[in-house]
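Working notes, beginning with the structure itself.
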Amino acid sequence: MDEVYRVIQEDIQTIIEELCEFKGKITDKTFLVTGGAGFLGSWFCDILNVFGARVICLDNLSSGSKKNIKHLTKNKNFKFINADVCSFNTHEKIDYIAHLASIASPPLYQKFPVQTLDANVIGTRNMLELARRNDIKSFLFTSTSEIYGNPPDEAIPTPESYYGYVNPYGQRSMYDEGKRAAESYCYSYFIKYNLPIRIARIFNTYGPRLDIKSTSQYGRVIIKFIYQALNNKPITVYGDGKQTRSFCYITDQMEGLFKLFMTPKINGEVVNIGNSEEISILRLARKVKKLTKSNSKITFQPLPPDDPRRRCPDLTKAKKLLNFKPKVSLQKGLKRMIDWQKRIR
Ligand code: UDP
């Protein structure tokens, strides 16, 4: 377990070094992190904890796990609340809200479509109201590249100004349209109440704590391929594998998110956060197989409906506004993920 935690500790240290300019704004302040026991949420809690913030971690454990935050629970500045973001309320004074709560894995949100929509629409409205009552300093909403749907080649890499090509009545709509409605709520509270909201459109992200046990069933692609390769099971490419994604390592993602959350005078901004190194899923499968020295066969399975053909962020705005530029190449990040997987097996 210590060895496992060491990988996370090293990554936390990398993130902290990038963010030290914000320490003064974080120490002793109270942060509500919704979805705080999830993959990204737990990294959020860790970073805030190192900077000496008081953290209220809200999660109903629908996709998050207590395992991700267990090490923080003895800390007097950390409080875990098992409750639903749609109905949660508190009279505690809150300075900042990071609103991450939502199922994000396609097979899982398809299994829980109503909860996914509710967390994003009703949950976001509830958190915005809480923010309003607390005279909050900054409200970060984690939106998604999914709001762009299935962009044509002319919109790749995709800038924030692209409106999206989304199926409102289909397999991904509960997540895509939920996030789009949530963005609209954020915008409305920004213009109506001058609430200091910032929206991150997060592109595919990977790193330690992606849970292989649940992802082997509900599979985000990187962790699933690594798991399959390390166990010499078939690597399951959907469709012809020509669809692309651009994968961002957790340390870069956290740097981008915190910069967006904490940088002064950028209220109301919407920014893509990710990595623009685009790769086809078939090439990803081959790369994972090679790096793990696996004997796994690459097999082909039907492509799920509405699976976006290409996805790659335009990061011009992130660079200009936040001086954000991802540093971890896919090659380097994959090696680190493989190392992590080997340790937790
Ligand atoms: N994918 C795949 N095999 C799998 C799981 C996923 O080929 O076993 C593909 C999936 O169809 C998609 C890409 O990998 O094109 C990324 O899937 P993921 O679920 O990680 O996230 P998405 O970007 O689709 O939300």
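Both ligands and their constituent atoms are indexed starting at 1 by order of listing.
- Taking every non-hydrogen atom of Gln243 and a distance limit under 4.0 Å, the qualifying atoms of ligand 1 come out as 9 (C), 11 (O), 15 (O).
- Heavy atoms from other residues, nucleotides or ligands lying under 6.0 Å from NZ of Lys233 number 12 at most.
- At a heavy-atom cutoff of 4.0 Å, ligand 1 is contacted by no atom of Gln301, backbone or side chain.
- In this structure, CZ in Phe44 is found 5.5 Å from CE in Met254, a value given to the nearest 0.5 Å.
- Ligand 1 has no atom lying under 4.0 Å from any heavy atom of Gln228.
- For residues 304-313, every residue pair satisfying the side chain to side chain donor-acceptor pair (under 3.5 Å) rule, not counting sequence neighbours, is listed here: Ser145-Arg311, Glu146-Arg311, Asp153-Arg309, Asp153-Arg310, Asn167-Asp306, Asn204-Arg311, Arg245-Asp307, Glu278-Arg310.
- Residue Asn204 places at least one N or O, backbone or side chain, under 3.5 Å from an N or O of ligand 1.
- Every atom of ligand 1 with a heavy atom of Lys224 under 4.0 Å away is listed here by number and element: 4 (C), 8 (O).
- Contacts classified as side chain to side chain donor-acceptor pair (under 3.5 Å) and involving residues 156-166 (residues at least two apart or in different chains) are not found.
- Ion pairing between a basic and an acidic side chain is recognised when a charged N comes within 4.0 Å of a carboxylate O; Asp11 and Arg209 show no such pairing.
- Which parts of ligand 1 touch Glu146 is read off a 4.0 Å heavy-atom cut-off, strictly below it: atoms 25 (O).
- If you look at Arg220 next to ligand 1, the close heavy atoms, those under 4.0 Å, come from the backbone and the side chain alike.
- Note: an N/O pair closer than 3.5 Å links Val221 and ligand 1 by distance alone.
- Both the backbone and the side chain of Thr236 come within 4.0 Å of ligand 1, judged by heavy-atom distances.
- In the vicinity of Asp307, heavy-atom distances shorter than 4.0 Å reach the ligand 1 atoms 10 (C), 11 (O), 12 (C), 15 (O).
- Close approach to Val237 involves these atoms of ligand 1, each under 4.0 Å from a residue heavy atom: 7 (O).
- Of the charged side-chain nitrogens involved, at least one lies within less than 4.0 Å of a carboxylate oxygen, so that Arg180 and Glu177 count as a salt-bridged pair.
- Between Glu10 and Arg6, at least one side-chain N (NZ, or NE/NH1/NH2) sits under 4.0 Å from a carboxylate O, which counts as a salt bridge.
- You'll find the ring centres of Phe258 and Phe22 outside the 6.0 Å limit.
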